[in-house]
Structures are given as structure tokens and as C-alpha cells.
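Structure first, then comments.
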Protein chains: 2
Amino acid sequence: MKKVDLRSDCPINYALEYLGDKWTLLVIRDLVFEGKKFFKDFQNSQEGIATNILSDRLKRLEALGIVSSAIDKKQRRQKIYRLSPKGADLVPILVEIIIWSSKHKDGLNVNPVFLQKLSADKSGMIKAIQASIGSTQFSAHQ
Amino acid sequence: MKKVDLRSDCPINYALEYLGDKWTLLVIRDLVFEGKKFFKDFQNSQEGIATNILSDRLKRLEALGIVSSAIDKKQRRQKIYRLSPKGADLVPILVEIIIWSSKHKDGLNVNPVFLQKLSADKSGMIKAIQASIGSTQFSAHQ
DNA sequence: CTGTATCCTTAGGGATACTG
DNA sequence: CAGTATCCCTAAGGATACAG
């Protein structure tokens, strides 16, 4: 794990240095909302991530303690990825991003029922999402 | 304003395409928490942004409707920047980022009183921060 | 002071071939 | 299937000079 000098000790900057690229948060999205677990699952996401980038991001997320991996007991040759508690703590950020984008951009693929539940009881929904990680119970998409 | 093809219509991806670089959110941070208004203010931020990058980001944020600008009445030669309502709606995202980073990384420069108030009444604090934009009333830093 | 323009370097990332 | 390794290219970004 490479030591990185942060540009500053600002908390916003910290998150940007580690998560602020065009792919990392999409991998986390797939873990949280899409129930993805295997390399190939992430590879098949809508945006089309290259295998080398995906490999790099998964490793970085593991090094950061956001993702953990293990050999799947059942399918011996498959590595299974899942979010650690540190990763689950990112859910509120994802949720606020979804709310902002939905509000300010038309035509995005957002489940209206999901948004409704969020506006009715945001912190309850966040807990429910965190509890559901690994399943596809809550998809933000339609 | 350039038309950009989004890689997907996912709301997370939308925010990433427009705000997902290493500088944009820091400019917004300076507007929200540091009361910065003028080009030179942003230029002097801790992380040291180059003038061409800063110029580009301010223009992009204006084109997105997140920032507006006007010639300062008093100092005729100075352009004054401020957050639009669309920009103020980013505050919850910034707040969740600050919470996450503070929780998972030691040694960051975060005002403990600020964090305390947040944990006591998050939505109240967010409203207070939004109402205070343009001042330095709430700095997340110490 | 508020930017713009230019030059140059590097990191990020696409395509794809390949290995265990 | 789960990655790793290359090759190559482009966009992002630093430094700095300059213009209104």
C-alpha cells in the first residue's frame, strides 16, 4: 500500500484523494445497490469498466479497508467481494448524491418509490440500505 | 457549454461526471465553509490550485448553474462568486463526506464542536450551514 | 487583481493479449 | 473465470508568462 501525501488535512480533500475518480464510487454503488459480488459482475456494469482499472480499484478499496474479499466456499475459484463497515458508512454519501442528481437533472434512471421512501424517512432508509448490502433489495434504479 | 454524453443515466454517475475530479468539490467547499468570494480567495486555498484550473472550474460550475458571478459593486474590477440554490443543495453531500472522513481517518483538521452539533441535529445544522453561505460562520475546520 | 494562453509532463484509463 | 501485463493515447493538470 503506497503512502500518499495528502494535499491537505481537510476531510473533503481526504475523501477526494481516495475516492475522487470516475470509477471508485461506481464500484461501491454496485456493491451497495446492485448486490454485485464477483469480478465479472462489476465488469458488466452499465458504464463498461476496463479489467485493469477494475482490478486496480478493487485492490485500492481493499487496501483502504472499504472492501474485503474472500474465496467463495461454494465456487472455489471465485473471489467474492463485499463491503466492510467502513464501506457501509459511505451509504449516506451515496444517498445524498442520488437525491441531488435526481433533483437537478431530468431523465436519470431513479426509482421514484425509492426517492419517496427517502424523503419520508431518510435515516431509516439509510439503515435499511446498510442492512441490505449484498442483496438487491434496494435498487436506486428502476 | 459543451454537450457531454453521459456514460449512463445513473444518478451517481451523473454527479461523478460533473463534480468527480480532484478540484471541483474543493471550490464548493471554499464557497460553503470558508466564505470565499473572489478569484484570489480560491487561489489561496491550502491545496494550491493553478490559475488555469481554477478558471476552468469556476466556468464549468457557472455553466452548470451551481455558481453565479457578478461584478462587485464596490470593487468595480472584482468579480464576485457565489453559490446558487443548486449549489447550496450540495451541502448535505459535503456534510456526509466530512462525517465519513472524520470517522475513518485520524489527524484531519475538523472542528469537534462542528461534528458535535452535526450528530446532535444533522438536518438542523445543514439548514444553518445553507443559510450561512457567504459568511464564515460555520467552518468545518478548526 | 482577474483571469487567459501556452507549454509540457504525467497519470488515468481504453483496448486487448495473456496467464493461472 | 479472475485477474495481470502491455501498449498506447488522451485529458488533466502543474508552471509560468502575459493581457485587460
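Numbered from 1 within each chain, the chains take letters A, B, ... in sequence-line order. Everything numeric in this text was worked out from a predicted model, so none of it was measured.
Counting only residues at least two apart or in different chains, ring pair (Phe, Tyr, Trp, His ring centres under 6.0 Å) contacts with residues 106-131 of chain B comprise B:Phe33-B:Phe114. Residues in residues 102-125 of chain A take part in these side chain to side chain donor-acceptor pair (under 3.5 Å) pairs, two or more places apart or across chains: A:Glu96-A:Lys122, A:Lys103-B:Asp89, A:His104-B:Asp89. For the side chain to side chain donor-acceptor pair (under 3.5 Å) condition, the pairs that include at least one residue of residues 32-56 of chain B, sequence neighbours left out, are A:Ser8-B:Glu47, B:Arg29-B:Glu47, B:Glu34-B:His141.
Between A:Lys59 and D:dT4, a side-chain N or O to OP1/OP2 separation shorter than 4.0 Å is present. OP1 or OP2 of D:dA2 has not a single side-chain nitrogen or oxygen of A:Lys79 nearer than 4.0 Å. One finds a side-chain N or O of B:Gln78 lying less than 4.0 angstrom from the OP1 or OP2 phosphate oxygen of C:dT2.
Evaluation of the side chain to side chain contact (heavy atoms under 4.5 Å, CB included) rule for B:Leu90 yields A:Trp100, B:Leu19, B:Ile28, B:Ile66, B:Ile93 as partners, not counting sequence neighbours. Remark: A:Gln137 pairs with A:Ser132, A:Ser135 by the side chain to side chain contact (heavy atoms under 4.5 Å, CB included) rule, at least two apart or across chains. Residues that satisfy the side chain to side chain contact (heavy atoms under 4.5 Å, CB included) test with B:Ser69, not counting sequence neighbours, are B:Glu62, B:Lys79, B:Tyr81.
Non-hydrogen atoms lying under 4.0 Å from DNA chain C are contributed by A:Lys22, A:Trp23, all within residues 22-37 of chain A.
With a 4.5 Å cut-off between side-chain heavy atoms of Ile, Leu, Val, Met, Phe, Trp and Tyr, the cluster of A:Ile80 takes in A:Phe38.
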What does the B/S/- profile of nucleotides 15-20 of chain D look like, 5' to 3', with a 4.0 Å heavy-atom cutoff to protein? BB----
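Separation of atoms CG (A:Leu31) and CG (A:Leu83) is listed at 4.5 Å; rounding is to 0.5 Å.
Taking only side-chain atoms of A:Tyr81, from C-beta outward, the nucleotide of D:dG3, C:dC1, D:dC1 with the closest atom is D:dG3.
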